[in-house]
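Presented below is the structure to which this report refers.
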2 protein chains.
Amino acid sequence: MAELITIEDPEDPRLRDYLALTDVELRRRREPAEGLFIAEGEKVIRRARQAGYRMRSMLLSSKWIDVMHDVIDEVPAPVYAVAPELAEQVTGYHVHRGALASMQRRPLPEVDGLLAGARRIAVLEGLTDHANLGAVYRSAAALGVDAVLLSPDCADPLYRRAVKVSMGAVFSVPYAVLGSWPQDLEKVRSAGFAVLALTPHQDAVPLAEVSPERLRHSAVMLGSEGHGLSPEALRAADEWVRIPMSHGIDSLNIAAAAAISFYALAGLAED
Amino acid sequence: MAELITIEDPEDPRLRDYLALTDVELRRRREPAEGLFIAEGEKVIRRARQAGYRMRSMLLSSKWIDVMHDVIDEVPAPVYAVAPELAEQVTGYHVHRGALASMQRRPLPEVDGLLAGARRIAVLEGLTDHANLGAVYRSAAALGVDAVLLSPDCADPLYRRAVKVSMGAVFSVPYAVLGSWPQDLEKVRSAGFAVLALTPHQDAVPLAEVSPERLRHSAVMLGSEGHGLSPEALRAADEWVRIPMSHGIDSLNIAAAAAISFYALAGLAED
């Protein structure tokens, strides 16, 4: 059972994991270096636990202690009960969801192992926006994408906002980071996947017309919203695919494009 | 040509249209009542003009005056040149995009007229989140949805954040608000549309299996992310349709669900 500790001093060193959560630059450095990530809100905290992450501690405003009592009963980690004002002082924002947990990271799986069990995967290049990244994971989980591979410059899927927007899907969809980009796409191809680059380019094949042999093991590759896929990534692909769009439109939001491509490839693969 | 006026007093009454832009409650009352909406950023301002909206005024930090000089040359509205600090004082936030315009609203089209020229439409119930609403419009524009109908409790598509997330698509996709809900769905049906309710319910037909006669004129109806469609809206539909999803997942984000349904119905309708 967790130890329930009331804290009234915002400088208490035990609250260190929760300091300055709104300082994106600071948190992006500290969290991976210290091996932690922050889960926010009851649902997301429960999902992190179900996914097997170890809890370092929990920070609860008092009215959440009842709601979370079963978790408090089960985990050996300390639970800090604080006033909402103190939570705000420490974290830097008003914690609407009233419950925060600091969770211990785990080593990411090896790329080869991840590919061995997968049938449909997503490869993301240069996705630096946490909300978009979280949205892509949420759609991946809902639409049966087995794994996600990230280019080295993607944002951290375990950053608080990505976790929250994904509704915890970053815990359930396994992922790994490719070490050298785009060279490591060769690992994907060697594992038997067709690398399909999603691009609005007119030479690309409409998604609905991708040939069936491409779909037995498909890796759909998506670029960042601002720039799309890099020329290097486009060159490394087996095929270019596109979502048919109306004229005069900039393109879809990356989260919408991801959702559509996951849906389309799932549907085609089932035929 | 616009009059270029340098303003140094944050209390200057000419800046009234731009006051307290971060006060959502205030702006939601004021903007429709005063017949204005705010366009933010060069691209969105240009799109509002292209769509024929009349400019009331523009608020520019000095380095944007060059970028916008062609617009300044063309419009008869006053242009207020201000320091970034003053823009922040007036609006309540740091205006990253450096350019704001106050635009004049127009009467919304009649529902019947809107339906007369349309082939595929979207009907939204209770969408109160401005970012989600904007994302739905952006996908609608990209994926060939001809018009959008809103239930009376939907958010305002011309609210600044909806406009921004839509990338200006709220200007190009015509829309109207249904007066009585869900009774006015009868207007949609009378105009020859099949009303397809998107729901995760297991009795619903997978999108890919919707019968062709439903697709000649289809109205896909989407509910809010938290609650989905109301029982009344579900009862008023001609058919329930669903996106096949993996087990154990809450559902897709509303923007993702909208994008997938627009894509799927467009593809089916083209066959």
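A note on names: the letters A, B, ... follow the listed sequences, proteins ahead of strands, and every chain is numbered from 1. What you are looking at is a predicted structure, and each value in this text was computed from that prediction instead of being measured. No hydrogens, no waters, no symmetry mates; every other heavy atom, side chains included, goes into these values.
Under a cut-off of 6.0 angstrom, the local environment of CZ in R161(B) is sparse, with at most 12 non-hydrogen atoms contributed by other residues, nucleotides or ligands.
Considering every non-hydrogen atom in both Y263(A) and A208(B), the closest pair reads OH-N, 3.8 Å. Between A256(A) and A259(B), the shortest heavy-atom distance links the atoms CB-CB, 3.7 Å.
Residues that satisfy the side-chain hydrogen bond (donor to acceptor under 3.5 Å, both in side chains) test with R54(A), not counting sequence neighbours, are Q104(A).
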*Under the side-chain contact (heavy atoms from CB on, under 4.5 Å) rule, what do S139(B) and L252(A) come out as? Steps first, then yes or no, please.*
CA-CA 6 Å; S139(B) 290; L252(A) 288 159; 3.7 Å; yes

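Evaluation of the salt bridge (Lys or Arg N to Asp or Glu O under 4.0 Å) test over residues 199-215 of chain A, restricted to residues two or more places apart or in two chains, returns R214(A)-E239(A).
Proximity of S251(A) to M167(B): side-chain heavy atoms (C-beta onward) are nowhere separated by under 4.5 Å. When side chains are defined from C-beta on, I243(A) counts as touching L143(B), because their heavy atoms get closer than 4.5 Å.
Atom CD1 of I260(B) and atom OG of S261(A) lie 9.0 Å apart (nearest 0.5 Å).
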